[in-house]
Protein chains: 2
Amino acid sequence: MRSRIEDVAAAAGVSMKTVSRVLNNEPNVRDEMRQRVMAVVEKLQYRPNLSARSLAGQRSYVIALVYNNPSRNYLMEIQNGMLEACRDNHYNLVLAPVGASRQRKVDDLKVVFEHFAPDGVVLIPPLTDDPVVLEFLEANHVAFACIAPKHPDGRIGVMMDETAAVRELMAGLVARGHRRIGHIKGPPAHGACQWRFKGYREALRKAGIEYDEDLVVQGAFSFESGIEAGNRLLDLKRPPTAIFAANDDMAAGVIRAACERGLVVPRDISVCGFDDTPIARHIYPALTTVRQPTSDMGRLATMQLLARIRAADAGGMVHVEHEVLFRESTQPPVRH
Amino acid sequence: MRSRIEDVAAAAGVSMKTVSRVLNNEPNVRDEMRQRVMAVVEKLQYRPNLSARSLAGQRSYVIALVYNNPSRNYLMEIQNGMLEACRDNHYNLVLAPVGASRQRKVDDLKVVFEHFAPDGVVLIPPLTDDPVVLEFLEANHVAFACIAPKHPDGRIGVMMDETAAVRELMAGLVARGHRRIGHIKGPPAHGACQWRFKGYREALRKAGIEYDEDLVVQGAFSFESGIEAGNRLLDLKRPPTAIFAANDDMAAGVIRAACERGLVVPRDISVCGFDDTPIARHIYPALTTVRQPTSDMGRLATMQLLARIRAADAGGMVHVEHEVLFRESTQPPVRH
DNA sequence: CTGTTAGCGCTTTCAT
DNA sequence: ATGAAAGCGCTAACAG
């Protein structure tokens, strides 16, 4: 049978409450007591009962990952990072996929909150900037951390300088001799897409290349949208010599579009993506892309959230580093 | 403030226990009562408190997905299916990744069990057949469901006739004129790999093609192992005209290996995989493969598990259908 | 068929 | 700095 806090108290010759204080790192316990209790906890292999703790303490020890329809790979990485942080802190991760409409979002959130009463929430794009979700969380006074928010002011969470990353990527393209560089934007709801577009424009300006709106088409982050957008760019009278897609899935779509017309990447057209998901390495040619430390971002966001849960003024916005990876899908353009 | 069972009881003019009975679908309640209670539950928007329920009822309403290092896509699909079943049954999914060594497996399981006390567990390959894990679960009398177990006898869970699927896939290759067909095996710990290999051999026999062990090489389910295995097969004095890799990631590796030697798929060599993960459609040429209803399998396994949790003799082994998808990566062989 | 009474194991008062 | 007692909201065991 599992030992209870009472058993620990008895074995250590102290009251239940003292054991509780030690376990929760509360003040007002002498060091000597603390050590005595910890020794018994160790000896008895005592682990607090989650349900009892939640019931008495009015906390659930649960945090929810709220998401909409992110790329599977992205979600998986975030989730892994969060799991790590949760395990280290004796917290429990609950997955909270929500629907697309306003009503479904609210309903789905309600179900999760009524059932699990999470102590906090981590938001990933595009929900990071969703007014319906944010309003719900604020109305319910739930702590939340944001990953890659569009408006980071006053928020806690994690972000990366995506604009700088894109500038660096674009600079690499320019250095290889490209002047006509196309861009496939991601869905506007993703804050990140604006930054990526911003990086694209800044890089052009810096390189003294005039912005040509024909070279910028809208995508939706999906492989299929990448094919379509790629075809649109390749159909231009003067097609680009390189295409920067706002994520890897769309870049893979561009490669397919190119292959289907008999073009060879990168000989005839250079392609690059963003995220460094597995497909970037598995596709042929391997994609030039930007690596985000996605799993770290999940872990760090969770740590900020837990800090905030423990103290209303703790936690902040953490920044992580990117890495630009030039691989096989880019090379100097062919001169005609 | 959230309403409690006491509020419902008062408003319905019955005892708490009656409400409890209604909520838990227990017998011994008149239909009239049941309806009266349900109406109040609806009106008060009553939702039981999970912690209190767990504490009093000695159940956690948690099931754990125990996994080792499956393909990310596979895991994601299983997880989605399980989430669906959990939500429908007011259960909570906890993710339980475990380490590789015997000791780590046991330690990691212990942590999860001490913390969450899951009412049941779903096992996916290769853990479905892991003696350490199975022994632990049996010793702790925990209900568990298996997905694609090597030894389904007496187990509950879900499986697919993978041997038949491979026979069908191979028959398609043979019908297109292939006689020298290579095979890249998956890691032996995966029960499924033996079946896939069995299907390969049975298809050869049926087609009257002699088994040639040079055409069968060992892989590890990873993209990298696919490259290596692909190279080994393509290096043969008489290389195969088609290669069946035991999963999509390895098939993608074969395509890369072929591309790097300047071969064109499927003109010079046909390639097929298994699983129909996203990469199968995103790669060029799109992979011929076998679709498993992975998400359904997660859902169905969870449903069997919940049945077993509710009644010690309920639940069983469910079978799901496969689908062979011929896409771009296969065509008749070139005649020399 | 329905209700009453005791906990489940912990944390929170509030004493000391 | 420590402890005793009173619940948290629910279900199990027993009575009726």
Side-chain angles (χ1 to χ4, degrees), chain A residues 1-38 40-41 44-62 90-92 113-117 119 309-310, chain B residues 1-38 40-41 44-62 90-92 113-117 119 309-310:
Chain A
M1 206 51 202
R2 249 174 91 165
S3 51
R4 296 154 307 155
I5 200 171
E6 203 183 328
D7 306 327
V8 176
V14 298
S15 74
M16 278 167 61
K17 181 60 209 175
T18 299
V19 178
S20 174
R21 276 195 261 260
V22 171
L23 260 32
N24 292 292
N25 281 315
E26 282 172 35
N28 296 339
V29 185
R30 279 196 326 241
D31 260 10
E32 183 213 329
M33 285 271 122
R34 209 175 279 280
Q35 278 161 24
R36 181 151 34 121
V37 170
M38 286 312 288
V40 176
V41 164
L44 264 52
Q45 292 273 357
Y46 170 73
R47 303 279 177 278
N49 176 310
L50 230 199
S51 304
R53 215 182 198 188
S54 306
L55 183 58
Q58 317 277 40
R59 275 177 299 172
S60 62
Y61 295 91
V62 159
H90 291 288
Y91 253 79
N92 175 17
F113 274 75
E114 283 167 352
H115 196 55
F116 299 119
D119 296 337
I309 288 171
R310 284 165 185 152
Chain B
M1 206 51 203
R2 250 174 92 164
S3 51
R4 296 154 307 155
I5 199 170
E6 203 181 329
D7 306 327
V8 176
V14 299
S15 74
M16 278 167 59
K17 183 60 210 177
T18 299
V19 179
S20 174
R21 275 195 260 263
V22 171
L23 260 32
N24 293 291
N25 282 316
E26 282 172 35
N28 298 339
V29 185
R30 278 198 325 241
D31 259 9
E32 185 214 328
M33 285 269 121
R34 209 174 277 279
Q35 278 160 25
R36 182 155 30 125
V37 169
M38 286 312 287
V40 176
V41 163
L44 265 49
Q45 292 273 356
Y46 170 74
R47 301 280 176 280
N49 176 311
L50 230 199
S51 305
R53 217 183 198 188
S54 306
L55 184 57
Q58 317 279 39
R59 275 178 300 171
S60 62
Y61 295 91
V62 159
H90 292 287
Y91 253 79
N92 174 18
F113 274 75
E114 282 168 353
H115 196 54
F116 299 118
D119 296 337
I309 288 171
R310 284 165 185 151

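No hydrogens, no waters, no symmetry mates; every other heavy atom, side chains included, goes into these values. Protein chains get the first letters and strands the later ones, always in sequence-line order, with residue 1 at the start of each.
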- Return the value, rounded to whole Å, for the distance between atom CG of A:Leu44 and atom C1' of C:dG9.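 Taking CG of A:Leu44 and C1' of C:dG9, I get 15 Å after rounding.
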
- Looking just at side-chain N and O atoms, do B:Asn25 and B:Arg310 make a donor-acceptor pair shorter than 3.5 Å?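 On atom types as modelled, these side chains do not qualify, holding no pair under 3.5 Å.
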
- Item | Test side chain to side chain contact (heavy atoms under 4.5 Å, CB included) applied to A:Val62 and A:Tyr91, step by step | CA-CA 6 Å; A:Val62 159; A:Tyr91 253 79; 5.7 Å; no

- Can you tell which of D:dC10, C:dG9, C:dC1 lies closest to the side chain of A:Leu55?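 For A:Leu55, the side-chain atoms sit closest to C:dG9.
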
- Query: Does a nitrogen or oxygen in the side chain of A:Tyr46 sit under 4.0 Å from OP1 or OP2 of C:dC10?
  - Reply: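 Yes, because at least one side-chain N or O of A:Tyr46 sits under 4.0 Å from OP1 or OP2 of C:dC10.
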
- Query: Rounded to the nearest 0.5 Å, how far apart are CG of B:Leu23 and OH of B:Tyr46?
  - Reply: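 Answer for the CG-OH pair, B:Leu23 versus B:Tyr46, is 5.5 Å.
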
- Query: A:Arg30 side chain N/O closer than 4.0 Å to the phosphate oxygens (OP1, OP2) of D:dT2?
  - Reply: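 It does, given that an N or O in the side chain of A:Arg30 lies less than 4.0 Å from OP1 or OP2 of D:dT2.
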
- Query: NA contact type, B:Met16, heavy-atom cut-off 4.0 Å: base, sugar-phosphate, or nothing?
  - Reply: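 If one applies the 4.0 Å heavy-atom cut-off, B:Met16 turns out to touch a base.
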
- A:Arg34 has an atom CZ; how far is it from atom C1' of D:dT2, in whole Å?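 These atoms are roughly 13 Å apart.
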
- Query: Below 3.5 Å, does any donor atom in the side chain of B:Lys17 face an acceptor in the base of D:dA12, or the other way round?
  - Reply: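 Such a pair is found, so the answer is yes.
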
- Message: If the cut-off is 4.0 Å, is B:Thr18 near the phosphate of C:dG3, judged by side-chain N/O to OP1 or OP2?
- Response: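 Yes, because at least one side-chain N or O of B:Thr18 sits under 4.0 Å from OP1 or OP2 of C:dG3.
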
- Nearest-Å distance, CD1 (A:Ile5) to P (C:dG7)?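 Nearest whole value for this atom pair: 19 Å.
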
- Message: Measuring from the side chain of A:Asn28 (C-beta onward, heavy atoms only), which nucleotide among D:dT2, C:dG3, C:dT12 has the closest atom?
- Response: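 Looking only at side-chain atoms, A:Asn28 lies closest to D:dT2.
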
- Below 3.5 Å, does any donor atom in the side chain of A:Arg21 face an acceptor in the base of D:dG3, or the other way round?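 Donor-acceptor pair under 3.5 Å: yes.
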
- Any donor-acceptor N/O pair, A:Asp7 side chain to A:Arg4 backbone, under 3.5 Å: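 A pair under 3.5 Å: yes.
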
- Item | Proximal nucleotide (of C:dT12, C:dT4, C:dC8) relative to the B:Ala56 side chain |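 My answer, after comparing the listed nucleotides, is C:dC8.
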
- Query: How long is the line joining OH of B:Tyr61 and C1' of D:dT11, in whole Å?
  - Reply: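 It works out to 9 Å between those atoms.
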
- Item | B:Asn24 vs D:dT11: side-chain N/O to OP1/OP2 distance below 4.0 Å |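 Answer is yes, contact under 4.0 Å.
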
- Message: Checking B:Ser51 against B:Ser54: is there a side-chain donor and acceptor pair closer than 3.5 Å?
- Response: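 Not at all, the side chains of B:Ser54 and B:Ser51 share no donor-acceptor pair under 3.5 Å.
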
- Item | Length of the CD-P vector between B:Glu26 and D:dA13, whole Å |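 One finds 11 Å between P of D:dA13 and CD of B:Glu26, rounded.
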
- A:Leu50 CG - C:dT11 C1' separation (whole Å):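 Computing the A:Leu50:CG to C:dT11:C1' distance gives 14 Å.
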
- Query: Which nucleotide in the list D:dT2, C:dT12, D:dA12 gets nearest to the side chain of A:Met33?
  - Reply: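 The closest nucleotide is D:dT2.
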
- Task: Nearest whole angstrom, please: distance from the C1' of D:dC8 to the CD of B:Glu6.
- Result: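 Taking CD of B:Glu6 and C1' of D:dC8, I get 12 Å after rounding.
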
- Looking at every strand, decide which applies to B:Asn49 at a 4.0 Å heavy-atom threshold: base, sugar-phosphate, or nothing.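 Touches sugar-phosphate only.
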
- Comparing A:Arg59 and B:Ser15 on DNA chain C - which has the more 5′ nearest nucleotide: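 The answer here is B:Ser15.
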
- If you check the A:Ser20 side chain, which of C:dC1, C:dT4, C:dT11 turns out closest?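 Looking only at heavy atoms from C-beta outward on A:Ser20, the closest nucleotide is C:dT11.
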
- Provide, to the nearest angstrom, the distance between the CD atom belonging to A:Gln58 and the P atom belonging to C:dT12.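 Distance check: A:Gln58 CD to C:dT12 P gives 8 Å.
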
- Task: Tell me what A:Pro27 touches on the nucleic acid: a base, only sugar-phosphate, or nothing, going by heavy atoms under 4.0 Å.
- Result: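 If one applies the 4.0 Å heavy-atom cut-off, A:Pro27 turns out to touch nothing in the nucleic acid.
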
- Going by an N to O cut-off under 4.0 Å, is there a salt bridge joining A:Arg34 and A:Glu26?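 No salt bridge links A:Arg34 with A:Glu26.
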
